[in-house]
Novice: 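My questions will all concern the structure given below.
None of the values given here were measured: they were computed from a predicted structure. Residue numbers start at 1 and run along the sequence shown.
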Amino acid sequence: PVYWFTMSAQLKLFIDRWYALQTPDGNELGGKKFGVILTYGDSDLYNSGGINAIHTFESMFRYLQADLVGISSLFTPYEEEALHVAQLARGEGKLVVLGGNHATATAEHLLENPAVDYIICGEGEHRLVALCEVLQGRRELESIDGLAYRVHNRGRIIPPKALLSD
């Protein structure tokens, strides 16, 4: 098992199970389509220990060969941190999707950052799955309401149609 103080016990267990899929031929998850979502925010990444979480996920992206990185951007004061993680993921060649209240409210502004590929506006439970279907070639991008992305270097936002029923 691998342990980090930067994550919940449930996430640690989930990650341990990823690593347990190692076989003599390599990592069973290598090259598979899946995503990791990290929710974190603090005013000082280095003194708070947040940088440890970022470096941990950076290593996991490399090891697991993730194609898509999802980042929750809930609060405006943490925009800088969310974009920092997006730039780290982009540096590893990953596609980046942002979601959360802040991302929804400032989608047009966030799309100006070249490290951001997609923004899920509103509730993301079904939209993230639909985006993954687009990336697998099983669905058209324009069919997803509540999605923002760039077309020819200009932001395009398809507004959310409705809230999910509880």
Side-chain angles (χ1 to χ4, degrees), residues 4 6-7 11 15 18 27 29-161:
W4 298 286
T6 57
M7 297 175 227
L11 184 55
I15 291 168
W18 284 349
N27 181 343
L29 290 178
K32 301 274 196 261
K33 305 285 184 190
F34 64 95
V36 176
I37 299 175
L38 171 63
T39 302
Y40 183 82
D42 202 301
S43 60
D44 186 329
L45 286 175
Y46 294 90
N47 289 331
S48 68
I51 197 68
N52 296 328
I54 290 170
H55 289 310
T56 296
F57 278 89
E58 226 179 351
S59 297
M60 286 176 16
F61 300 153
R62 263 188 241 115
Y63 178 78
L64 296 173
Q65 303 167 4
D67 294 326
L68 177 68
V69 176
I71 302 166
S72 180
S73 182
L74 297 174
F75 307 107
T76 301
Y78 305 131
E79 176 182 315
E80 185 178 329
E81 287 83 357
L83 291 175
H84 180 74
V85 174
Q87 289 167 350
L88 291 172
R90 169 66 72 227
E92 294 294 322
K94 310 307 176 190
L95 291 173
V96 174
V97 58
L98 293 180
N101 296 334
H102 174 70
T104 297
T106 63
E108 190 172 344
H109 160 72
L110 291 171
L111 281 175
E112 293 172 4
N113 189 305
V116 177
D117 296 297
Y118 305 99
I119 297 171
I120 293 178
C121 301
E123 298 171 295
E125 289 84 348
H126 299 290
R127 292 179 179 113
L128 183 58
V129 172
L131 178 58
C132 290
E133 290 172 349
V134 167
L135 297 174
Q136 294 173 341
R138 299 181 1 214
R139 186 175 181 156
E140 293 298 318
L141 190 62
E142 297 79 18
S143 72
I144 306 172
D145 71 290
L147 186 69
Y149 55 96
R150 273 187 302 284
V151 178
H152 306 297
N153 294 321
R154 293 180 47 101
R156 172 143 196 260
I157 301 171
I158 303 172
K161 290 182 182 171

Novice: Determine whether L135 and Y118 make a side-chain contact, defined as any pair of heavy atoms from C-beta on separated by less than 4.5 Å.
Specialist: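 They are in contact (side-chain heavy atoms under 4.5 Å apart), so the answer is yes.
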Novice: Checking the side chain of R139 only, and the main-chain atoms of L131 only, is there a donor and an acceptor separated by less than 3.5 Å?
Specialist: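 Looks like no, no N/O pair under 3.5 Å.
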Novice: My understanding is that only residues two or more places apart in sequence, or in another chain, count here; which of them pass salt bridge (Lys or Arg N to Asp or Glu O under 4.0 Å) with R138?
Specialist: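 R138: salt bridge (Lys or Arg N to Asp or Glu O under 4.0 Å) contacts with E133.
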Novice: Do I120 and T104 come within less than 4.5 Å of each other through their side chains, counting heavy atoms only?
Specialist: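 The answer is no; the side chains never approach within 4.5 Å.
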Novice: Output, in order, the C-alpha distance, side-chain angles, deciding distance and verdict of side-chain contact (heavy atoms from CB on, under 4.5 Å) for I71 and L83.
Specialist: CA-CA 9 Å; I71 302 166; L83 291 175; over 6 Å; no
Novice: Check I157 against A148 and note the closest heavy-atom contact, atom names and distance.
Specialist: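 Here I157 and A148 meet closest at CG1-CB, 3.7 Å.
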Novice: How far apart are the closest heavy atoms of R127 and P160, and which atoms are they?
Specialist: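 Minimum heavy-atom separation between R127 and P160: NH2-CB, 3.3 Å.
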Novice: To the nearest 0.5 angstrom, please state how far the CG atom of N101 sits from the SG atom of C121.
Specialist: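 So the gap between those two atoms works out to 11.0 Å.
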Novice: Using a cut-off of 6.0 Å, state whether more than 12 heavy atoms not belonging to E142 lie near its atom CD.
Specialist: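 Yes, CD of E142 has more than 12 neighbouring heavy atoms, counting only those of other groups under 6.0 Å.
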Novice: Does the side chain of R156 come within less than 4.5 Å of L147's, by heavy atoms?
Specialist: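 Side chain of L147 against side chain of R156, heavy atoms only: no contact under 4.5 Å found.
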Novice: Check whether any side-chain heavy atom of L68 lies under 4.5 Å from a side-chain heavy atom of L128, and answer yes or no.
Specialist: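 Answer yes - side chains close enough.
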Novice: Out of V97, L111, T106, which residue meets the side chain to side chain contact (heavy atoms under 4.5 Å, CB included) rule with I119?
Specialist: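 Only match with I119 under side chain to side chain contact (heavy atoms under 4.5 Å, CB included): L111.
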Novice: Contact between I158 and I144 at the side-chain level, heavy atoms closer than 4.5 Å - yes or no?
Specialist: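 In short, these two side chains do not touch, never coming nearer than 4.5 Å.
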Novice: Can you confirm whether V96 sits close enough to V85 that some side-chain heavy atom of one is under 4.5 Å from a side-chain heavy atom of the other?
Specialist: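 V96 does not reach V85 side chain to side chain.
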Novice: Ion pair present between R90 and D117, side-chain N to carboxylate O less than 4.0 angstrom?
Specialist: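 Looking at D117 together with R90, the answer is yes, because their closest N to O distance falls below 4.0 Å.
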